[in-house]
Structures are given as structure tokens and as C-alpha cells.
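Lettering of chains follows the sequences in order, A, B, ..., and the numbering in each one begins at 1.
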Amino acid sequence: MSIRLEKLEIAAGGRKLLGSLDLSFAAASRTAILGVSGTGKTTLLRTIAGLQVAASGRVWIDDQLVTDGARVPVAPHRRGLAMVFQDLGLWPHLTISEHLRFAAGPQTPAGWLQELVTVVGLDGLQKRRPASLSGGEQQRLALIRALASRPRRLLLDEPFTSLDLVLRQGLCELVDELQRRYGFTLLLVTHDPLEALRLAERVILLGPGEILWDGPAGEFRSAQTEQLADLNRALERWTAPVMSGRR
Amino acid sequence: MKRAFHQLRLSFLLSGFGLLLVLLPVGFLLLGSLATREPQAVPKWLLSSGSLELLLRSLLVAGATSLLSLLLGVPLALWWVAGHKRRWARLLLGLHLLPLSLPPYTVALGFAQLLGRLAPGAGAGFFYGPGGLTLVMTICLSPLVTLLVAAFAARLDGAALEAAALSRAPAPVLLRIVLPALLPAAALAALVVFVLTLGEVAVPQLLRTPSWAVTVFSRLADLSYAPAQATLRCLPLLFIAALVAAACQHIDRRARGSLGLRVRRIAPALLPSGLLWAGRLLAVLLALATVLSLATLATNGIAGPGGGLGALAASLPALANSLTYATTAALVMLVVAAPLGFYWSHSRAPATLATLPLLLGLVLPGVVLALGLVIQWNRPATSWLYGGTTVAVLGLVGHYLYLPLRAAKLGFDRFPRAWIDAARLPGRGPWQRLRTIYLPLSRRVLLTAGLLGLLLGLRDVDTLIVLYPPGGQTLTIRTLTLEANSPAGLTAAAALLQVGTTATLLWLLAHLRGIMEGRK
């Protein structure tokens with residue numbers, strides 16, 4: 001298993017968000033974690049990344065214990081994972097090349113970084129800083145910065161929220177292509193069911209303090225829970241105009 | 001069109017105050033230097049080996065103080081921002097920050113009395129020299145670095161730091177991401193520390209250390225009164241201050257561009273643990289230094305020779321003078337800073353050039369600005385202004401207005417635009433809007449700007465030492481005068497009164513802000 005959560009409890013600001021999670025994510029799998037705001041999606045991702053401690057329980061990566069309650073035996077940068085943040089978190093003083101070199105480390109061959117730049121279409125912009133990039137270019141930079149260190153796991157925290165529909169669709173396709181090409185384990189946190197269905201083969205729906213649904217993406221529509229029904233209705237509203245070409 | 005008009009009005013007002021309070025005195029100073037009797041001797045004197053050596057020595061002390069302040073202030077700021085909210089940590093930080101609000105002379109006096117004016121070789125040799133000057137100025141001004149860097153670090157983009165932490169270990173993250181991002185704040189603070197040290201008059205006098213700013217002041221003292229020579233000696237300081245003001249303005253613009261949107265404390269795990277330990281150790285050492293100096297003043301002021309309640313009471317008239325000048329100057333600054341800060345905050349275009357003269361007033365050594373005011377106003381036709389307290393208040397306002405103005409602007413920056421728009425929509429008149437909406441919302445901003453002006457006026461030595469009217473000696477100047485020819489207890493009592501007044505004001509500021517936050 002690439003990532004395993006064992007009786008994991010997470011809290012934020014003294015409030016328990018999720019209790020006793022037992023979940024596994026296979027290598028090279030694609031999972032979307034769905035849920036409304038405040039259910040702990042982002043906190044779960046940050047706990048897996050080691051940026052936040054757990055209230056209790058364990059996180060295993062490649063059968064190595066990386067988080068044990070409030071203890072973090074393995075530092076974030078040693079977990080073989082990368083993350084794309086909702087706010088992107090680009091470094092304003094570094095150029096695209098410098099972003100990639102810092103994230104990749106000194107041993108990474110330059111050819112790999114050039115390949116990434118080419119794949120996402122940022123060729124020729126390597127000397128630019130984030131402030132001089134468009135929203136879509138910044139998003140693509142955040143994505144390749146995460147991939148620069150060749151992570152075996154990629155965590156995406158609502159990375160497309162601030163984008164318009166066309167850009168969002170394009171980036172979803174890009175992530176899809178990158179995952180197929182490089183074979184990393186993908187964990188996507190989103191509140192957009194359409195995005196989840198586009199990218200994931202497995203969907204986990206979080207409700208207040210618990211998992212409401214965990215199963216293949218294909219079966220997601222037909223599941224019968226109250227919150228899922230709400231989400232499905234929302235999904236219908238989103239997909240219908242897109243499918244009919246009106247959006 | 002309307003926006004352009006507002007922008008023009010803002011620039012006109014800002015530059016008008018800058019012109020009146022700073023550029024005119026500087027202009028008179030330059031004219032005064034041209035009118036010296038032997039203009040051909042000026043370059044020769046400025047380039048003489050003695051002059052150059054003194055200037056170089058003063059620049060070296062200022063540079064060393066800046067460097068040392070950075071080395072102490074940056075780790076302390078990061079330790080602060082990394083979430084150390086325990087009571088003892090806050091106490092340590094409070095003790096570290098306190099000297100910034102005091103005249104550096106007060107802290108130096110505490111150390112001088114502690115060392116008991118020992119002869120060189122018995123440990124005091126280092127203190128009465130450039131080393132001691134650097135040390136005292138570092139203790140007093142490094143809190144500026146701590147404050148600016150901490151304020152900046154708390155606004156760094158949390159996601160950017162976490163993204164770095166996922167890629168690399170804490171040490172490279174600190175070197176490649178955190179420190180470069182903090183560079184504008186650190187550079188800004190270092191430059192201000194540099195000019196403040198260069199312009200300091202009182203501490204070098206106490207420590208009997210030659211300094212360029214002291215040579216300016218000494219030409220204005222009674223026995224060797226030579227204003228023309230003082231004017232000439234101002235020129236290098238004026239030149240350096242102008243360079244620093246331009247550099248500060250440039251860095252300030254860059255700093256705003258690199259700030260993140262969210263205020264978030266840096267998680268301790270993202271920083272090297274060695275750095276946090278260093279921050280903790282430095283906080284203890286600097287707090288200890290403050291305690292040692294102030295405890296000596298307290299002991300001597302209460303129980304030392306010439307000290308006691310009588311000595312405290314004898315300094316009360318000087319305190320009253322200090323409060324009169326500082327309060328008047330603070331009120332003037334508040335009346336100017338509040339509306340201009342509001343305009344500045346809500347104008348789209350940056351008021352860079354318009355605020356440059358006021359920034360120059362801040363970084364210009366107080367004694368230089370004061371000399372400009374003397375040349376400008378010391379004439380029969382303007383004796384009504386020069387003869388009383390007005391010129392002293394004018395000096396304080398010109399020297400410090402930039403800081404309350406900037407504080408007001410930063411405070412108003414936090415106002416959502418919607419507050420202003422929503423207040424305008426119901427159609428109430430400007431007075432009612434001001435009374436019902438703007439003033440209650442601005443209480444914290446006004447309080448901060450006003451008390452900041454008051455504190456700056458109270459701690460001032462360099463401006464008032466030239467401008468105070470006969471019989472209008474302030475507490476800082478009384479302390480300085482007493483030190484030369486009075487028992488240690490009497491001097492310490494005056495300094496203690498200064499510390500007590502400042503501490504009370506700081507407590508009041510924290511308390512009132514707390515009350516206002518509670519009400520919100």
C-alpha cells in the first residue's frame with residue numbers, strides 16, 4: 001500500500017474533525033476526497049503530508065510509520081510526496097527555473113525539469129517570476145513544482161477552485177495525463193463532484209466526523225445517502241450545461 | 001477624473017507637509033552652508049584626514065550596530081512568530097522591546113552606573129568606546145529589526161512555506177525561502193538602525209566616544225558656538241539620510257509586492273530547531289541586559305546618593321515639559337496623520353514621491369533638522385515662533401510625522417472597502433458618517449497613531465536638545481545635563497521617571513487596545 005491510515009483521528013483548533021479513519025490508498029491509484037467545507041478534507045491531506053500532527057492514530061507510507069499521533073517520526077520532505085496547495089504557495093522571489101531547482105534538489109538532472117516545463121507548456125517562461133504569470137500558468141507551475149522531486153504520491157488540495165471552467169477543464173486533463181505518464185498515487189481533495197469524477201477512480205465522501213461513502217467512482221452516482229443525494233443533484237446541475245455545451 | 005483629483009489632492013497635501021516641515025529647514029541649512037565666510041576652505045576641511053577618519057569611524061559604528069541588530073533581531077523575530085505565546089516568552093520579548101521606546105541614553109546610563117565608571121583595564125575600557133556605543137545602540141535598536149521582521153514573517157504565505165517544507169529540510173528552507181522573503185523587512189530595519197545610530201548625539205557624549213553627529217551638536221553648545229561650522233558638518237549626514245530615505249522607499253515598495261495574503265504563524269517544525277534555540281537564548285540575554293540597566297537605575301534612583309522621592313519630585317517639572325511638547329506634537333501629528341493616512345490608504349496610485357520628504361525627516365538626524373529650523377526661524381520677524389515652544393513642536397512633528405502617518409495608513413488598509421461604501425449609500429451627511437461610522441471604526445488606528453507620536457516625542461533628545469526654549473528643559477535633557485555634574489542617584493531618579501512614564505504609556509496602549517478588541 002502506498003498510504004495507510006490506521007485509526008486516524010484529526011482535529012483543528014481543538015475541534016475533532018474526523019474520528020478513527022481506517023483507509024488505504026494503493027500505489028498509482030487515483031482517489032478523490034469529497035465533502036462540504038469544514039469536514040476536514042484539507043486537514044486530512046496536511047496530516048498525511050506531515051504538515052500537521054494527528055489527534056491520535058497512525059499514518060503509514062510504504063509500510064513506514066510516518067505519523068504516530070502527535071509524533072512525526074518522518075519529516076514532511078522525507079515522505080516521498082508532494083502537494084499542490086489551494087493558494088498555490090508560489091515563492092514570489094524565485095523564477096520558474098529556480099522554483100523547480102529548489103523543489104527538485106541538487107541531484108535531479110536538468111533534463112527532467114526541462115521535460116516538465118515542456119509537458120505543461122511553460123517553455124520560454126523559465127526566467128519569469130510568479131507575479132508575471134497568468135493564473136493558469138501559475139497553476140501549472142505549482143503542479144510541476146510538486147512533480148519536480150519525482151514524488152510517488154501527489155496530494156492536490158482543491159487546486160482548481162479559483163479558476164474558470166475552461167482552465168479548470170484543461171488542468172484536469174493535464175493532471176490526468178501526468179498521472180498516466182508518471183504513475184504517481186493521486187489524492188485529490190475537492191468539493192466539486194465533477195472534478196472528482198473526471199480525475200478519480202475511487203471517491204471518498206466525508207461528512208461531519210465520518211466517511212459517508214467510499215467506493216468506485218462509477219458507483220458514486222447511484223449511492224443513496226442524504227448528503228450524497230445533495231451532491232448528486234449539484235453534480236447534475238454542473239454536468240448538464242457542460243454536456244449540452246451551454247457553459 | 002474624480003479619482004485623479006483625489007490623488008492630486010493627496011499628493012499636494014503630503015508633499016506640502018513634507019515641504020513645510022522638512023524640505024524648507026533643509027533648504028535653509030544648505031543655504032546657510034553656502035553662506036559660510038570661507039567657502040574655499042570647505043572641501044579642504046571635509047576631506048582632511050581627521051574629518052574623514054571621524055566620519056569613517058561613525059559609519060563603522062553605525063554599520064556594526066545594524067549588522068549586530070540583524071544577527072540578534074532576525075532569529076528573535078522568527079522565534080516569536082513560530083508561536084511562542086507562553087507568558088515567560090512574552091515577558092522576555094517585552095523586556096527586549098522596551099528599550100526601543102526609551103531614549104538610548106537612559107539604557108546607557110544604567111550600564112554606566114552599573115560599571116561605576118571603572119577605569120579602563122578594569123572592564124570599563126570596552127564600554128567607554130566604540131564597542132560600548134555599538135552594544136548600547138544594538139540593545140536599544142535591535143527591537144526595531146525584531147518588530148519589522150516579525151510583522152513581515154507573520155504575513156508570509158503559509159502555503160509557500162509548507163510547499164518548501166515538503167521539498168527540502170528546514171535549513172535550506174530557511175536559507176532559500178524564508179530569509180530571502182524577509183530580506184526587504186530586514187534591509188529596511190537595518191537602514192533605519194544605521195541612520196538612527198549615525199545621528200545619535202547623547203550616547204556618544206556619555207561614553208566619551210567621538211562621533212560625527214556630536215561634532216555638529218558641539219558647535220552649537222554655549223562655549224564653542226559656531227553655527228556655520230555645525231552647518232557644514234551636517235552636509236555628510238544630510239547626504240547619507242537622503243540616500244537612506246530613497247533606499248527605504250524603494251525597499252518598501254518591493255516589500256509590499258512580496259507579501260502573502262494570509263496572516264499565519266510559522267509552524268515551528270518548518271524552521272531549524274537550532275535557530276529557535278538561538279532565538280530563545282538571545283531573548284534571555286537581551287531581556288537580561290534591559291533588566292540589568294533598568295534595575296541599576298531603579299536602585300540608584302531610589303536609594304543611591306542624591307536619589308529618593310525628593311529627587312523624583314525635583315524632575316517632575318521637566319516631565320511636565322516633556323509631556324507638554326510630546327502631547328502637543330502628538331495631537332498635531334494625529335490631526336494630520338489620520339485624514340492623510342485614510343486618503344493614502346484608499347488611493348490607488350502610490351504616494352511614493354509625495355511621502356519622500358517626510359521619510360527624509362524621519363531618517364535625518366534630529367540635530368540636523370533642528371539646526372535647519374534654527375536657521376529658518378531664528379530671526380526677529382519670527383521670534384513669536386522661535387522664542388516659545390512652537391519651534392520645538394515643529395521639530396518633533398517634522399522629525400516623526402512619517403511614523404504615525406504610516407501607522408494610520410496601515411490601520412486603514414485593514415478597512416474593507418465595503419465599510420466605506422455601505423456608509424455612503426444611506427445618504428447620511430459627512431459629519432454623521434464620521435461620527436457614527438468612521439470614528440468608532442478608527443478608534444484603534446487613532447489610538448495607535450496618537451500614542452506612537454507621544455512616545456516618540458517623549459524619547460526624543462537629539463531634536464529638542466537644540467530647540468528647547470529657556471526654562472523648558474525636558475526630562476531627557478535634564479537627565480543628560482544632570483549626568484555631567486550631579487550625584488548618581490539624582491540622575492538615575494530622572495531616568496527612572498522617564499522609564500516609568502514610558503512603561504505606563506505602553507501599558508495604557510496595550511490595555512486600551514485590548515479593551516477595544518474585547519468590545520469588537
- So is A:Arg150 actually on top of A:Tyr182's ring, under 6.0 Å and inside 45° of the axis? no

- Polar side-chain atom of A:Asp192 near backbone of A:Leu194 as donor-acceptor pair, under 3.5 Å: yes

- Message: Ignoring hydrogens, what is the shortest heavy-atom contact between A:Leu65 and A:Trp60? Give both atom names and the distance.
- Response: N-CE3, 3.5 Å

With a 4.5 angstrom heavy-atom cut-off, which part of [X] approaches chain B: side chain, backbone, both or neither?
X: A:Ala49; answer: both
X: A:Leu81; answer: both
X: A:Ala103; answer: both
X: A:Arg129; answer: neither

- Message: Just so I understand: if I count every heavy-atom pair under 4.5 Å between each of B:Pro172, B:Pro170, B:Ala163 and chain A, which residue has the most?
- Response: B:Ala163

- Could you check which of A:Ala148, A:Gly89, A:Ala104, A:Ala146 has the highest count of heavy-atom pairs closer than 4.5 Å to chain B? A:Gly89

- Task: Working to the nearest 0.5 Å, report the span between CG of B:Leu403 and CG of B:Leu359.
- Result: 9.0 Å

- Task: May I ask you to check whether B:Ser69 and B:Ser142 show a side-chain donor-acceptor distance below 3.5 Å?
- Result: no

